[in-house]
Amino acid sequence: MSWAHQRNTEGYKNWLRVGIALLEAKDGLSDTAWRGATQLHGSLKTKLGDSVKNCTCNPKRKQWGCNDCIPWKKELELYQLKGFEIYWTNCTPNKWSEEPWEVAKVFMPRGQKATNTGPQSSDASAILNLFAHCGIFNQYFSPTTLNVVINKVIAVRNSTMHSVDLNFDEPTFQNHMECLLLLMNELKSDPAAMKAADKIEKIQTEEFHIGEGTACTDAELHLLKEWICEHKNTLNLHREQFEEHGARLDTLEQITKPVQKVIGTMNAILPSVNNNSELYNALSQEVKALSEIYEDRMSELEQRVARVEEVNTQIQDDMSEIRDVTHVQQLLNELEITPGPAQHSTPSAHAGTGAMPTLPEVPQHAISNENGRPSYDVPDVNDIRPLSDILDKQDLLDKVTAMLDQASVAGRSNWTALATKYGISFNDRKHIEYSRVGCCTQAVLERVVSASPGTTIGDFVGKLNKIGRNDVVMEIRSHYHE
């Protein structure tokens, strides 16, 4: 379908209508946002004075925490609503005593720019998150609105600006518009909010055409530029979302596919608007900027991944050598042989008698595998027993799950790294995280066994070694050795 045709589909019109309604909502919420920001700023300045203007800290460079800014930081944390994070890198502390919006920006999403100096230079996401995260706004909204409605409107905004096909079906369109109206009608005493509510209702109910009118073209251009900007910001911030090597590769896939489609969509749009030089020039510049950032990020990440893989290969080679030595020592221990200094051949009591030296007996807990070689009860990377055996041992399964379900910290990977090693996708991992709280590792093992019944305990042990969880391996060995 050509863009000229798609641009007149109901799906695109619905997306555009929601986007324009979001712009109206932002304008309608701006007075409340500024009122709360100035109130917060006034309260802090009255209590703390303006000595913070002497602060030379730069949170963006992690130079943070002098005697001038720490009092402001502690006071701002008192307004932080539970469950939300403050992004100190959004602001410049020495501006706090003079600029109310510089204070408000700490409650906005990460990545706010220095050019964001007030509601008019903010997007809807910044203002909505300010309401949701800063306690000063409790006086303007009911608890239900703060805890439910604003979060729904944030979801509407994200659904609109993260869309890659610019398309909403009719039920989605109606639901999004109702959410916007619900929020605006909470501010009945605010003239700007009520004016915005009237405009949003008209957008929802009146027939909508995409024509040559300047007003519609300006709104569409504004929305498309903001849509591209959202994807540029995603690329600029994606490095902070990476936690470990496996997640980096998966996150890259999740980020780059939508951005590739956005670039493709915009390239399809451009020929259809070439009769409008202003619109064409503005959009083509945005597409060029997005493409350049995308290529830079891809090149940077490919180099980083290559370095990480090189280090991983060396580590795995070193670990393989260590495991070989450990495995030999384990077998010697099982056979009750103590390695000692090499013995030189000398005549012995056996010489000339035809008698052979007695070898130690294979322990009773050793069994023979299909190749006739001993396979010991204590698991290692060569263990051919099915992984389902661990699922059948509830005590062991509970211990392994408890160990791997703990939060990932530096040098200690958790179940997400294991899932990545088994090829479980980012979306499937997120589904497990939300649907199997407290038993994510068990869910991973069940999925692996279901997809590949032949997976062995040895394979599981090998993957645990690769993610650095030898403590879990030792727990498994301890269980089988009992």
Side-chain angles (χ1 to χ4, degrees), residues 245-246 312-339 359-406 408 411-424 429 432 436 439-482:
H245 177 52
N312 277 352
T313 299
Q314 183 60 53
I315 291 173
Q316 288 177 20
D317 290 344
D318 293 343
M319 287 300 297
S320 179
E321 293 180 8
I322 293 171
R323 283 196 297 271
D324 288 344
V325 173
T326 303
H327 183 55
V328 170
Q329 181 65 59
Q330 177 191 335
L331 291 178
L332 292 175
N333 291 340
E334 293 288 349
L335 294 171
E336 300 178 355
I337 297 176
T338 303
L359 293 175
E361 294 183 359
V362 175
Q364 291 299 313
H365 64 270
I367 59 175
S368 294
N369 63 23
E370 60 186 5
N371 296 316
R373 293 191 295 269
S375 175
Y376 295 92
D377 284 345
V378 181
D380 64 11
V381 293
N382 298 312
D383 197 309
I384 63 172
R385 282 172 293 188
L387 181 58
S388 57
D389 191 59
I390 292 180
L391 289 173
D392 293 337
K393 299 180 183 298
Q394 193 61 50
D395 289 347
L396 174 59
L397 179 61
D398 289 344
K399 288 180 181 179
V400 170
T401 296
M403 295 174 76
L404 288 171
D405 272 25
Q406 295 177 8
S408 179
R412 191 178 182 86
S413 301
N414 67 355
W415 70 269
T416 58
L418 177 68
T420 301
K421 289 295 182 186
Y422 274 116
I424 297 175
R429 295 202 307 271
I432 290 173
R436 298 292 296 274
C439 56
C440 295
T441 301
Q442 180 177 339
V444 169
L445 298 183
E446 289 172 351
R447 184 180 289 251
V448 170
V449 170
S450 175
S452 303
T455 303
T456 65
I457 291 178
D459 179 69
F460 181 45
V461 169
K463 285 183 168 50
L464 289 172
N465 284 333
K466 287 181 179 179
I467 66 172
R469 291 308 299 266
N470 294 325
D471 58 322
V472 181
V473 174
M474 295 305 295
E475 180 62 40
I476 296 171
R477 288 178 175 171
S478 173
H479 182 92
Y480 277 92
H481 196 57
E482 291 175 354

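All values reported here derive from a predicted model rather than from experimental measurement. By convention here, the first residue in the shown sequence is residue 1.
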Do [X] and [Y] come close enough that some side-chain heavy atom pair is under 4.5 Å?
| X | Y | answer |
| --- | --- | --- |
| T420 | R429 | yes |
| N465 | N470 | yes |
| L404 | L464 | yes |

- Task: Tell me, please, which residues at least two apart from V449 pass side chain to side chain contact (heavy atoms under 4.5 Å, CB included).
- Result: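 With sequence neighbours excluded, V449 shows a side chain to side chain contact (heavy atoms under 4.5 Å, CB included) to L387, S388, L391, given in chain and number order.
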- Message: Can you list everything that forms a side chain to side chain contact (heavy atoms under 4.5 Å, CB included) with D398? Sequence neighbours excluded, please.
- Response: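 Only Q394 meet the side chain to side chain contact (heavy atoms under 4.5 Å, CB included) criterion with D398.
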- Message: Under the criterion side chain to side chain contact (heavy atoms under 4.5 Å, CB included), I'd like the reasoning laid out for T455 against Y422: C-alpha separation, chi angles, the key distance, then a yes or no.
- Response: CA-CA 10 Å; T455 303; Y422 274 116; 4.1 Å; yes
- Do we see a donor-acceptor contact under 3.5 Å between the side chains of Y480 and D383?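 The answer is no; no qualifying pair exists.
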- Task: Take M403 and T441 through the side chain to side chain contact (heavy atoms under 4.5 Å, CB included) test and state the conclusion after the steps.
- Result: CA-CA 9 Å; M403 295 174 76; T441 301; over 6 Å; no
- salt bridge (charged side-chain N to carboxylate O under 4.0 Å, His left out) contacts touching residues 453-463 (sequence neighbours left out):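 Residue pairs with at least one partner in residues 453-463: D459-K463.
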- Item | Audit row: N414, Q406, side chain to side chain contact (heavy atoms under 4.5 Å, CB included) steps and yes/no | CA-CA 6 Å; N414 67 355; Q406 295 177 8; 5.8 Å; no
- Does the side chain to side chain contact (heavy atoms under 4.5 Å, CB included) test come out yes or no for R447 and I432, once each step is laid out? CA-CA 10 Å; R447 184 180 289 251; I432 290 173; 3.9 Å; yes
Nearest non-hydrogen partners of [X] and [Y], listed with the distance:
| X | Y | answer |
| --- | --- | --- |
| P386 | I457 | O-CG1, 3.5 Å |
| L396 | I476 | CD1-CA, 4.0 Å |
| V444 | A419 | CG2-CB, 3.9 Å |

- Just by distance, do the side chain of T401 and the backbone of L397 share a donor-acceptor pair under 3.5 Å?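 Present.
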